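One structure is given below, encoded as structure tokens.
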Amino acid sequence: MTESLTEDNRPIRLKGRSFLTLTLSPEQPFAGWLARLDDLARRSAGFFLNRPVVLDLEGVDLTKAELSDLIAELGKRNVWIMGIEGARLSLLGPGMPPAMKGGRPGPDFDAPKDGADASSGDRPDSANAAPAGGIEGISARDAARPVPSIIVREPVRSGQSVIFPEGDVTIIGSVASGAEVVAGGSIHVYGTLRGRALAGTIGNTSARIFCRKLEAELLAIDGLYKTAEDMDKGLRGQAVQFWLDGDAIRAEALN
Amino acid sequence: MAKVIVVTSGKGGVGKTTSTAALGAALAQRGEKTVVIDFDVGLRNLDLVMGAERRVVYDLVNVIQGDAKLPQALIRDKRVETLFLLPASQTRDKDALTEEGIATVMETLKKHFDWILCDSPAGIERGATLAMRHADTAVIVTNPEVSSVRDSDRIIGLLDSKTLKAENGERMDKHLLLTRYDATRAARGDMLKVDDVLEILSIPLLGIIPESSEVLRASNLGTPVTLADKASAPAIAYQQAARRLAGETLPVAIPGERRSLLEKMFGRRAA
């Protein structure tokens with residue numbers, strides 16, 4: 001079927017947005033763990049109500065049937081799972097919450113205590129997935145504090161993601177084909193940009209992308225995308241900067 | 001204390017097993033006790049390249065599961081007495097390897113050998129991550145073409161995050177072994193040039209192994225190329241790579257550079 005072309009040729013805007021979710025790490029046997037969860041819920045009715053919850057299955061070995069049972073059991077307790085982290089892809093599929101990745105530790109939620117509404121519970125949650133090695137300025141401890149920029153002192157390899165919604169990312173090295181850099185602010189690459197660079201992902205229209213040598217697969221600023229095919233061929237291999245001008249990404253050689 | 005080296009690539013068919021055998025034999029010929037371990041459980045090949053396929057009784061999985069002692073599974077090479085093979089099982093799969101089992105085997109081997117070379121399976125899954133887990137040094141085998149280079153880049157990322165060294169905050173030594181390099185095709189632009197590969201991967205070069213029928217012939221004979229014809233171009237390249245692994249500083253010659261000079265001379269004469 002062919003759809004008639006509409007007059008409106010405005011590009012579709014895809015934006016990133018980050019939310020703080022609660023992460024639940026179930027432990028086996030699930031019956032015991034669910035009992036403890038019930039205990040927690042009894043102390044504070046509606047603790048999970050209206051809270052997005054991600055299930056962290058890192059290190060948990062279970063079958064697809066066990067997983068859907070677990071999700072159903074949680075559903076009975078009004079815990080709605082919006083995504084699953086750390087699970088084998090084979091476990092997931094239609095009807096299951098989508099896989100989540102690239103999560104970073106946030107401030108701990110206080111578990112409700114007996115009697116008191118919520119005093120400051122010190123639960124070092126084992127939320128993992130800090131970006132791979134060599135990344136400065138962001139760790140589990142100070143992720144909660146706003147940091148304006150990070151510097152990555154080594155090449156970003158194929159398959160790696162550097163995700164920093166808080167601000168600028170500077171890479172001293174190259175970004176490989178199949179790697180991605182996602183920044184809330186601008187992206188600076190002091191090397192060859194071969195992979196993807198997504199700047200200004202949380203609605204920053206003044207974000208820019210700079211690279212010493214342009215070989216990128218995909219660029220985006222504030223949700224506006226540009227693939228390698230759409231880029232000016234003359235800019236390939238050059239030092240280039242990109243910025244947003246209304247609804248268009250503009251590019252200019254830096255030399 | 002032994003040096004543990006993983007020979008890895010991400011992509012299959014680039015020459016990991018051939019390189020493990022050739023480097024292992026070259027290191028053993030220096031008189032240092034060397035063991036090559038086949039981590040490719042289910043698709044074992046290293047025994048064939050080493051010419052030991054008829055001598056395999058017990059394998060790595062047997063040792064891990066406690067069915068055999070480590071010395072029972074080690075096969076001593078008939079040509080070089082300091083060279084040993086720990087074969088993989090062909091009838092099992094990678095799930096038969098346990099992290100604790102591998103750790104115990106590696107600890108024991110470290111006490112008795114100078115070099116432990118782990119031949120990684122292709123891919124980035126369990127087999128490959130277990131093979132790299134205990135390594136101090138990685139040899140990344142890459143062909144001069146884009147898919148191999150990108151897969152190698154992916155593996156380098158894993159080496160920097162999934163190994164014990166990386167988890168302890170140490171840096172893993174990584175070396176690039178460029179195999180199946182054909183100077184004529186690189187000059188024509190059909191293949192990536194050495195500089196292009198080095199620029200993309202930005203790790204030090206261990207050696208360049210020229211494309212050669214010698215390599216295939218040695219494999220089919222069940223002889224590591226460094227033992228088959230020691231004067232052949234690939235054998236010399238592997239021997240030099242082994243010396244660099246052992247810490248020697250040798251300049252890396254790009255195969256065919258001399259030839260391109262000859263070509264220039266011929267070109268001039270014809271003109």
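Nothing here was measured: the structure is a model prediction, and the numbers come from that model. Proteins come first, then strands; the chains are lettered A, B, ... in the order of their sequence lines, and each starts at number 1.
With B:Ser148 contributing its side chain and B:Pro144 its backbone, the two residues share no donor-acceptor pair below 3.5 Å.
Residue B:Leu159: no heavy atom, backbone or side chain, is found under 4.5 Å from chain A.
With respect to chain B, the highest number of heavy-atom pairs below 4.5 Å among A:Ala176, A:Gly191, A:Ser177, A:Ala179 belongs to A:Ser177. Your options are B:Leu201, B:Ile124, B:Asp151, B:Ile155, and the one with the most heavy-atom pairs under 4.5 Å with chain A is B:Leu201.
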Worksheet item: Checking side-chain hydrogen bond (donor to acceptor under 3.5 Å, both in side chains) for the pair B:Ser9/B:Lys16: CA distance, chi angles, key distance, verdict?
Response: CA-CA 7 Å; B:Ser9 70; B:Lys16 284 181 294 296; 2.9 Å; yes

Worksheet item: side chain to side chain contact (heavy atoms under 4.5 Å, CB included) between A:Trp33 and A:Leu24: does it pass, once the steps are laid out?
Response: CA-CA 11 Å; A:Trp33 181 77; A:Leu24 272 180; 4.1 Å; yes

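Counted by atom type alone, A:Glu215 and A:Thr192 present zero donor-acceptor pairs between their side chains at under 3.5 Å.
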